[in-house]
Amino acid sequence: MRRLCVGLVLSAVAMAAMAGTLKSPNGKLTVKVKGHGLVVSYQRQPVLEMPSVGMPDGSCLNFVFSQEVTADYTMLAGKRLHCTNEANEYKSGALVLRVFNDGIAFRSETQGQEQTVYRIPEGTKRWIQQWNDAYEGIFPLQTTSKVKPESGLGRPSLTPDGYNCRWGYPALIEPRNGVFVLLSEANIEKGQSASCLYNDGELFRVVADETVAGQSSGHTPWRIAIIGTLADVVQSTLVTDVAEPCRLQDVSWIHPGVVSWIYWAYNHGSKDYQIIKKYVDMAVTLNLPYVLIDAEWDEMRDGKTIDDAIGYARQKGVRPLIWYNSSVGWVEGAPGPKFRLNKPEDREREFAWCEKMGVAGVKIDFFSGDSQKNMDYCIDLLECAARHHLLVNFHGATIPRGWQRTYPNLLSTEGVYGAEWYNNVPHFTKKAASHNATLPFTRNVIGPMDYTPCTFSDSQHPHITSNGHELALTVLYESGLQHLADKPESYLSQPVEVQQFLAHLPTVWDETRFVSGYPGECAVLARRSGKKWYVAGINGCDETQTLQLPLAFLPKGSVTLYTDGTPWSITYPMAIPSEIVCKPRGGFVIVVEPDSRCAGYNLPVNQ
């Protein structure tokens with residue numbers, strides 16, 4: 001009887017495809033063919049039009065049902081450890097389309113010049129960053145494509161009348177009130193380049209960084225659109241759902257964790273053995289597993305070397321991570337060490353030395369864009385690092401596109417306009433709060449984000465976000481390696497409760513829930529580690545806001561509330577608050593530990 005039911009369902013899906021309507025398994029998303037393109041609807045309302053999809057051969061699209069697809073896998077880090085999703089897969093010639101419960105993914109299984117185009121009508125709210133090699137830009141709220149380029153972000157691509165026309169992923173749009181679409185791509189393989197968006201008015205074309213002749217994969221990367229409410233977008237794992245499964249046989253050596261980091265507070269600190277010792281000692285005091293020794297460690301002064309720094313960290317029980325220049329991006333005038341990873345034989349020798357010395361991982365910086373050469377180089381680095389049991393953090397690099405599933409030793413990636421910019425420019429001070437409240441809905445949706453959060457003192461340029469805001473970022477932002485970048489004395493002068501919070505901060509989350517918020521205005525997320533829940537929220541505005549906390553799904557237990565006072569207010573309320581009045585650019589964290597007498601409580605199911 002069960003086989004008959006399954007057969008009837010598949011027949012119904014196939015008949016729907018023949019009738020021109022393609023559906024997600026839960027029925028919330030439908031896709032209709034329109035000439036050479038597609039129109040995607042959410043709850044029967046059109047939300048995304050693609051006038052052209054894939055590599056049309058001159059004929060109209062004619063999809064046939066192919067198969068049901070189930071994603072069910074385990075991650076070592078990320079917004080959720082156990083990931084599941086379902087899709088109906090359809091094919092039209094060389095074009096493969098999967099309609100998931102929370103979005104669509106499609107790719108062309110042929111070679112040639114891709115002709116995928118999205119239409120973003122004028123007047124549509126959108127949060128898209130101007131493209132640059134390192135994906136370090138803001139996502140300002142805009143309603144038009146006629147935007148002047150932002151200065152200081154490389155050489156922009158311009159229309160004849162001076163508007164920016166090249167945009168980076170992810171691109172968030174709100175085509176209808178309360179319905180959102182996040183555009184990106186996933187599963188870059190050897191022989192492929194990444195892509196971005198070029199626009200001509202309302203039409204945004206997918207353009208690969210370079211057309212690759214004879215690509216070994218035989219298909220394009222997956223182009224994806226996550227579709228639904230803000231909860232659907234924030235909680236989605238679609239980027240890794242379509243990525244290749246883990247290629248590592250042994251992952252027992254991969255351990256996410258919190259890292260003490262020198263550069264933000266001491267620009268050239270890794271030259272100074274005494275400063276490195278301070279950050280090792282901070283890691284010991286705060287029970288952090290890692291310390292990052294950043295650029296210029298090959299120029300250490302006062303007769304000390306990187307061997308001494310590694311030895312001191314290991315003696316104290318702290319595992320060191322060390323920095324390398326990729327030597328394909330910024331090279332002239334850039335810090336070193338350089339040219340140690342480019343040739344396969346040099347890379348093997350360097351990573352073997354790291355493994356022998358007890359180095360836990362590498363931070364590799366300054367890549368030069370999304371070309372096939374760079375993508376292949378990144379994959380080579382990940383594979384070589386895995387052979388030598390090294391964690392990887394890519395900086396000055398492209399955004400995550402699913403490699404964190406295929407190569408789980410990739411625990412973090414920069415690709416974000418983060419707190420490091422307090423070191424660089426004065427205008428980040430005023431933009432940071434709103435930008436911080438946008439990232440949970442844009443950049444951090446697609447993968448780990450090394451923003452380097454939680455700085456209480458000032459770098460070269462001041463910040464005006466509150467202590468509560470800064471503490472909240474450690475939970476609000478997901479990263480398998482979470483770097484604490486402030487001065488040791490700044491952290492160690494905080495109340496003991498804050499120090500204990502940092503000492504027990506998880507970087508692995510069993511699940512993530514959207515609670516409330518809106519891009520650029522405020523953001524509240526809940527994350528679970530084991531049975532303990534962390535709720536973090538920030539105000540991205542210059543005015544006081546009341547942040548709503550619909551948290552009925554949380555278990556009963558002991559509650560600790562960290563919020564803004566003078567400068568802290570740390571309380572233990574009898575119940576979880578239903579709202580919090582948040583100061584301008586303020587924030588909070590709530591930690592809920594279930595009562596041991598309530599053992600076996602039912603964890604909520606994601607909606």
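Everything numeric here is computed off the predicted structure, so don't read it as measured data.
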Side-chain donor-acceptor pairs of residues 281-289 under 3.5 Å, sequence neighbours excluded:
unit_1	atom_1	unit_2	atom_2	d
D281	OD1	Y312	OH	2.7
D281	OD2	Y312	OH	3.4
T285	OG1	D281	O	3.1

For P555 and V592, the nearest pair of non-hydrogen atoms, with its separation, is O-CG1, 3.6 Å
dist I446:CD1 -> I224:CD1 (nearest 0.5 Å) comes out at 7.5 Å
Check: V233 main-chain N/O paired with S236 side-chain donor or acceptor under 3.5 Å: no
query: Would W509 and E478 count as having a side-chain donor-acceptor pair, cut-off 3.5 Å?
result: no
- Below 4.0 angstrom, N of the basic side chain to O of the carboxylate: do R405 and D241 qualify? no
Do V535 and V524 come within less than 4.5 Å of each other through their side chains, counting heavy atoms only?
yes
To the nearest 0.5 Å, atom CG of L476 lies from atom CG of L525 at 4.5 Å
So salt bridge (charged side-chain N to carboxylate O under 4.0 Å, His left out) across residues 251-265, not counting sequence neighbours, yields none
Practice item. Indicate yes or no for a side-chain donor-acceptor contact from H463 to the backbone of T465 under 3.5 Å, with no hydrogens or angles considered. Key: yes
query: So with a 6.0 Å cut-off around NZ of K373, is the heavy-atom count from everything else above 12?
result: no
*So, Y451 versus N436: side-chain donor-acceptor pair below 3.5 Å or not?*
yes
For T237 and C83 the tightest heavy-atom approach is CG2-SG, 3.9 Å
F366 ring center near W330 ring center (under 6.0 Å):
yes
Output yes when a side-chain donor or acceptor of Y279 lies under 3.5 Å from a complementary backbone atom of G269, and no otherwise. no
Exercise. Does the pair E89/R98 count as a salt bridge with the N-to-O cut at 4.0 Å?
Worked result: yes
Ignoring hydrogens and geometry beyond distance, is a side-chain donor-acceptor pair present between N409 and H389 at under 3.5 Å? no
Closest non-hydrogen atoms of I322 and V359, given as atom of the first, atom of the second and distance, are CG1-CG1, 4.0 Å
Check: If only atom types and distance count, is the side chain of D232 paired as donor or acceptor with the main-chain N or O of Q235 below 3.5 Å?
Finding: no
- Query: Side chains of E593 and S558: is there a donor and an acceptor less than 3.5 Å apart?
  - Reply: no
Original post:
Taking the six-membered ring where the residue is Trp, are the ring centres of Y273 and W297 under 6.0 Å apart?
Top reply: no
dist I254:CD1 -> L248:CG (nearest 0.5 Å) comes out at 5.5 Å
For the side chain of R347 and the backbone of L341, is there at least one donor-acceptor N/O pair under 3.5 Å apart?
yes
- Would you kindly say whether S195 and E185 are connected by a side-chain donor-acceptor distance under 3.5 Å? yes
Does this structure show an ion pair linking E355 with R387, if we count only N-O contacts that are shorter than 4.0 Å? no
Checklist entry - Are any of the side-chain heavy atoms of Y169 and V206 separated by less than 4.5 Å? => result yes
Worksheet entry | Donor + acceptor pair across side chains of H268, E299 (<3.5 Å) | no
>> Between T406 (side chain only) and C246 (backbone N and O only), is there a donor and an acceptor less than 3.5 Å apart?
In response: no
In terms of heavy-atom contacts, S479 and M449 come closest through CB-O, 3.5 Å
**Q.** R340 atom CZ, neighbour heavy-atom count above 12 within 6.0 Å
**A.** yes
> Does the side chain of W261 pick up a donor-acceptor pair with the side chain of D294 at under 3.5 Å?
Replying inline: yes
*asked:* I'd like to know whether Y263 forms a side chain to side chain donor-acceptor pair (under 3.5 Å) with T452, so could you lay out the CA-CA distance, the side-chain angles of the two residues, the decisive distance to 0.1 Å, and finally the verdict.
replied: CA-CA 10 Å; Y263 168 78; T452 59; over 6 Å; no
Tightest non-hydrogen contact, residues P440 and A523, listed as CG-CB, 4.0 Å
Between P221 and S193 the two heavy atoms that sit nearest each other are CG-O, 4.2 Å
Q.
One pair to check against side chain to side chain donor-acceptor pair (under 3.5 Å): D510 and H82. What are the steps and the verdict?
A. CA-CA 7 Å; D510 290 277; H82 182 205; over 6 Å; no
Taken in chain and number order and not counting sequence neighbours, the residues that satisfy ring pair (Phe, Tyr, Trp, His ring centres under 6.0 Å) with F514 are none
_Donor-acceptor side-chain pairing of T220 and R223 below 3.5 angstrom_ = no
Side-chain donor or acceptor of S327 paired with backbone N/O of F339 under 3.5 Å: yes
Value for CG (L410) from SG (C378), rounded to nearest 0.5 Å, stands at 9.0 Å
| said: Ignoring hydrogens and geometry beyond distance, is a side-chain donor-acceptor pair present between Y417 and Q129 at under 3.5 Å? | reply: no
Is a side-chain donor or acceptor of K338 paired with a backbone partner of V331 at a separation under 3.5 angstrom? yes
Under a 3.5 Å distance rule, please check whether D308 uses its side chain to pair with a backbone N or O of T305 as donor and acceptor. yes
Distance-only side-chain donor-acceptor flag, Y135 / D370, under 3.5 Å:
yes
*Do you see a donor-acceptor pair shorter than 3.5 Å between the side chains of T512 and R527?*
yes
### Task
Spell out, as yes or no, whether a donor-acceptor pair under 3.5 Å connects the side chain of N342 to the backbone of S326.
yes
